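The structure appears below as structure tokens.
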Amino acid sequence: MIDWTECPPERAGVDGAGLARALELVAARRAAAQICVLRDGRVVLDRSVACRSDSLFWIFSASKPFVALLVHQLAERGALDLDDAVAAYWPRFGRHGKDRITVRQVLQHRAGVPLAGSMLGDALAMMSWERAVRHVERARPRWPPGQVPAYHVITYGVILGELVRRVAGVPVPDALTAGLLRPLGLHDTYLGLPHHLWHRHVPVRATAPVDQIIRIGLNRPAARRAVVPAAGISTTARDLARFYQALLQGGELDGVRVLDPATIAHATLPSSEGETDRLLDLPIRWSQGFQLGGPRPGARRSPPMGRLSSPRTFGHNGSNCCIAWADPSRRLVFAYLTALLPPRHEGAEHIGSVSDAINAACR
């Protein structure tokens, strides 16, 4: 079991001044936050700001690796093939030119369906699983399958989640609990926040006028209860750090294995190098379920995992207010959760700066 008592940084080969710099950056935002850093499985930083260590944050797109790994888990067990068409398991998905889209292309954000309709329409549909599924079935590709990377904002979780439901035979929250959460001891992670835990949720804040509608929508109980695999996990930084520590250890934690090391290696292989994501208009290194660290030629600002991040770093950003990643080269896990939606560029720079403070401390 992970001991959440902080060990002296120097014992883990970590520069304490770098950790202090990261904490200064976090405190300067004056927002509820949790931050955890693990080196070689030892806790070198575990702090909560203006909240408790068990407060539950909505982690936006940092949720995506969970549903992606459920699909990889099914592939590992031979229940599906990543190079099969999604329509082989879900026939109605193949309507309107989507019949050739493969499971792998969805994992890589190359399915050509970044939005099922509009961003607003997708957000409204996500409140009901059945409505979201029908919404995706009616969607038409914007690009031919496999041609370009284009970030699948909400459709990512609907497509992969419905695939899991059809192959595993259970709703995706149940598959997630049985396949990853319970075995790894992630007892504070929920896809759809239970009503009795509402008192532990951290409300989303926003500073930009354009984000106020998002803030109002996501602070409703119905939104937090909804099953949104691409964006709707509620969790703590400690649980998220445990999750990435298991991946860093090849799919095993506390003697329980959920994935083979080869599966994790496959899931973290780059699928786009030197390409600009067509939806986000940013150079992003995608794998098959994660964003990757390392240099990004042409990037106009700091990437979320930091300019100092290793190319082997894998994780996921969540609307520039939450992030978690693991770096095998540094033997490092980082989880940072906030509830503040800042202006996009400001949030990206902040998360990148905190990541780089940790990267610099753990060389």
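Keep in mind that this is a model prediction, so the values were computed, not measured.
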Exercise for the section: Salt-bridge test for Asp254 and Arg242: reply yes if a basic N is under 4.0 Å from a carboxylate O, no otherwise. Expected result: yes
Problem - ILVMFWY network linking Leu38 to Leu308, side-chain heavy atoms under 4.5 angstrom - result: no
Exercise for the section: Report yes or no: do Ile351 and Phe314 belong to one cluster of Ile/Leu/Val/Met/Phe/Trp/Tyr joined by side chain heavy-atom distances under 4.5 Å? Expected result: no
Exercise for the section: Give the intermediate values and the outcome of side chain to side chain contact (heavy atoms under 4.5 Å, CB included) for residues Leu332 and Val37. Expected result: CA-CA 7 Å; Leu332 178 66; Val37 180; 3.5 Å; yes
Practice task
Verify the distance criterion only: is there a donor paired with an acceptor across the side chains of Asp239 and Thr189 at less than 3.5 Å?
Solution key: yes
Exercise for the section: Look only at the side chain of Glu252 and the backbone of Leu247, and say whether a donor-acceptor pair between them is shorter than 3.5 Å. Expected result: no
Practice task
Find out if a path of hydrophobic residues (ILVMFWY) with successive side-chain heavy-atom gaps under 4.5 Å connects Leu124 to Phe60.
Solution key: no
Practice task
Side-chain contact test, heavy atoms from C-beta onward, threshold under 4.5 Å: evaluate it for Arg331 versus Arg39 and give yes or no.
Solution key: yes
Problem - Main-chain N/O of Val106 paired to His152 side chain as donor or acceptor, under 3.5 Å - result: no
Practice task
Examine Val202 and Leu186 and state if one hydrophobic cluster contains both, with Ile, Leu, Val, Met, Phe, Trp and Tyr joined whenever side-chain heavy atoms are less than 4.5 Å apart.
Solution key: yes
Handout entry: Ser271 (side chain) donor-acceptor with Gln288 (main chain) under 3.5 angstrom
Key = no
Fill in the blank from the handout: Output for pair (Phe57 CZ, Leu240 CG), nearest 0.5 Å, gives 11.5 Å
Handout entry: Arg92 bridged to Glu162 by N-O distance under 4.0 Å
Key = no
Handout entry: Ion pair check, Arg238 and Asp46, cut-off under 4.0 Å
Key = yes
Exercise for the section: Would you check if Leu25 and Leu23 make a side-chain contact, meaning some heavy-atom pair closer than 4.5 Å? Expected result: no
Practice task
Over all heavy atoms of both residues, which pair between Gly157 and Trp129 is shortest? Give the atoms and the distance, please.
Solution key: O-CH2, 3.7 Å
Handout entry: Exam field: side chain Lys64 to backbone Ser61, donor-acceptor pair closer than 3.5 Å
Key = no
Problem - Euclidean distance, Ser353 OG relative to Ile358 CD1, rounded to 0.5 Å - result: 11.5 Å
Problem - Residue pair Arg104, Asp83: steps toward the salt bridge (Lys or Arg N to Asp or Glu O under 4.0 Å) verdict - result: CA-CA 6 Å; Arg104 189 182 305 279; Asp83 292 312; 2.7 Å; yes
Handout entry: ILVMFWY cluster, Val148 and Ile159 together (side-chain gap under 4.5 Å)
Key = no
Problem - pair Leu56-Leu193: side-chain heavy atoms closer than 4.5 Å - result: yes
Handout entry: Closest approach of Ser309 to Met305 (non-hydrogen atoms, all atoms of both residues)
Key = CB-O, 3.2 Å
Exercise for the section: Look at the side chain of Arg165 and the backbone N and O of Pro171, then say whether any donor-acceptor pair between them is shorter than 3.5 Å. Expected result: no
Exercise for the section: Check Ala111 against Ile101 and note the closest heavy-atom contact, atom names and distance. Expected result: O-CD1, 3.3 Å
Exercise for the section: Take Leu269 and Ser287 through the side chain to side chain contact (heavy atoms under 4.5 Å, CB included) test and state the conclusion after the steps. Expected result: CA-CA 5 Å; Leu269 283 175; Ser287 66; 5.7 Å; no
Problem - Trp198 ring center near His201 ring center (under 6.0 Å) - result: yes
Problem - For the student: nearest non-hydrogen atoms of Leu180 and Gln73, plus distance - result: CD2-NE2, 3.9 Å
Exercise for the section: Report yes if the distance between the aromatic ring centroids of Phe243 and Phe66 is under 6.0 Å, otherwise no. Expected result: yes
Practice task
Evaluate the side chain to side chain donor-acceptor pair (under 3.5 Å) criterion for residues Glu137 and Trp90: first the C-alpha distance (whole Å), next the side-chain angles of each, then the deciding distance (0.1 Å), finally the verdict.
Solution key: CA-CA 10 Å; Glu137 288 176 349; Trp90 176 7; 2.8 Å; yes
Exercise for the section: Output the distance between atom CG (Asn320) and atom OG1 (Thr338), rounded to the nearest 0.5 Å. Expected result: 9.5 Å
Practice task
Determine whether His109 and Tyr151 make a side-chain contact, defined as any pair of heavy atoms from C-beta on separated by less than 4.5 Å.
Solution key: yes
Exercise for the section: Ignoring hydrogens and angles, tell me if any N or O in the side chain of Arg257 forms a donor-acceptor pair with the backbone of Leu259 under 3.5 Å. Expected result: yes
Practice task
Take Thr155 and Leu115 through the test side chain to side chain contact (heavy atoms under 4.5 Å, CB included) and record every step on the way to the result.
Solution key: CA-CA 6 Å; Thr155 54; Leu115 300 171; 5.5 Å; no
Handout entry: Of Ile233, Leu191, Thr235, the residue whose pairing with Ser63 passes side chain to side chain contact (heavy atoms under 4.5 Å, CB included)
Key = Ile233
Practice task
Could you tell me whether the side chain of Arg182 and the main chain of His187 form a donor-acceptor pair under 3.5 Å?
Solution key: no
Practice task
Answer whether the closest heavy-atom distance between the side chains of Val204 and Ile214 falls below 4.5 Å.
Solution key: no
Problem - Pairing of Glu6 and Arg42 as salt bridge, 4.0 angstrom limit - result: no
Handout entry: Any Val354 side-chain heavy atom under 4.5 Å of Ile35 side chain
Key = yes
Exercise for the section: Step through the shown structure and confirm whether more than 12 heavy atoms of other residues, nucleotides or ligands are within 6.0 Å of CZ on Arg52. Expected result: no
Practice task
Specify the closest pair of heavy atoms between Leu337 and Ala237, including all atoms of both residues, with the distance to one decimal.
Solution key: CD1-N, 3.3 Å
Exercise for the section: Measure the CG-CG distance between Asp327 and Leu248 for me, rounded to the nearest 0.5 Å. Expected result: 8.0 Å
Practice task
For atom CZ of Arg11, decide whether the heavy atoms of other residues, nucleotides or ligands shown that lie under 6.0 angstrom number more than 12.
Solution key: no
Completion exercise
Distance col, row Cys362:SG vs Leu19:CG, nearest 0.5 angstrom, shows 6.0 Å
Practice task
Drop me the distance from Ile323's CD1 to Phe334's CZ, to the nearest 0.5 angstrom.
Solution key: 7.0 Å
Practice task
Taking Ser272 for its side chain and Ile284 for its backbone only, find out whether a donor-acceptor pair lies under 3.5 Å.
Solution key: yes
Practice task
Decide if atom CZ of Arg100 counts as having more than 12 heavy atoms of other residues, nucleotides or ligands within a radius under 6.0 Å.
Solution key: no
Problem - The single option from Leu74, Asp174, Val170 passing side chain to side chain contact (heavy atoms under 4.5 Å, CB included) against Val164 - result: Leu74
Handout entry: Ser310 side chain to Arg312 backbone, donor-acceptor under 3.5 Å
Key = yes
Practice task
Please tell me if the side chains of Val71 and Val103 come closer than 4.5 Å, counting only heavy atoms from C-beta onward.
Solution key: yes
Practice task
Would you check if the side chain of Gln291 reaches a backbone N or O of Asn317 as a donor-acceptor pair within less than 3.5 Å?
Solution key: yes
Handout entry: Residue pair Gln34 / Ser55: nearest heavy atoms and the distance that separates them
Key = NE2-O, 3.1 Å
Practice task
Check whether the ring centres of Trp325 and Phe290 lie less than 6.0 Å apart, and answer yes or no.
Solution key: no
Practice task
For the pair Thr177 and Tyr190, evaluate side chain to side chain contact (heavy atoms under 4.5 Å, CB included) and give the outcome as yes or no after the intermediate values.
Solution key: CA-CA 8 Å; Thr177 298; Tyr190 306 92; over 6 Å; no
Problem - Close side-chain approach of Asp84 to Thr102, heavy-atom, < 4.5 Å - result: no
Problem - Aromatic ring proximity Tyr336/His350, centre distance under 6.0 Å - result: yes
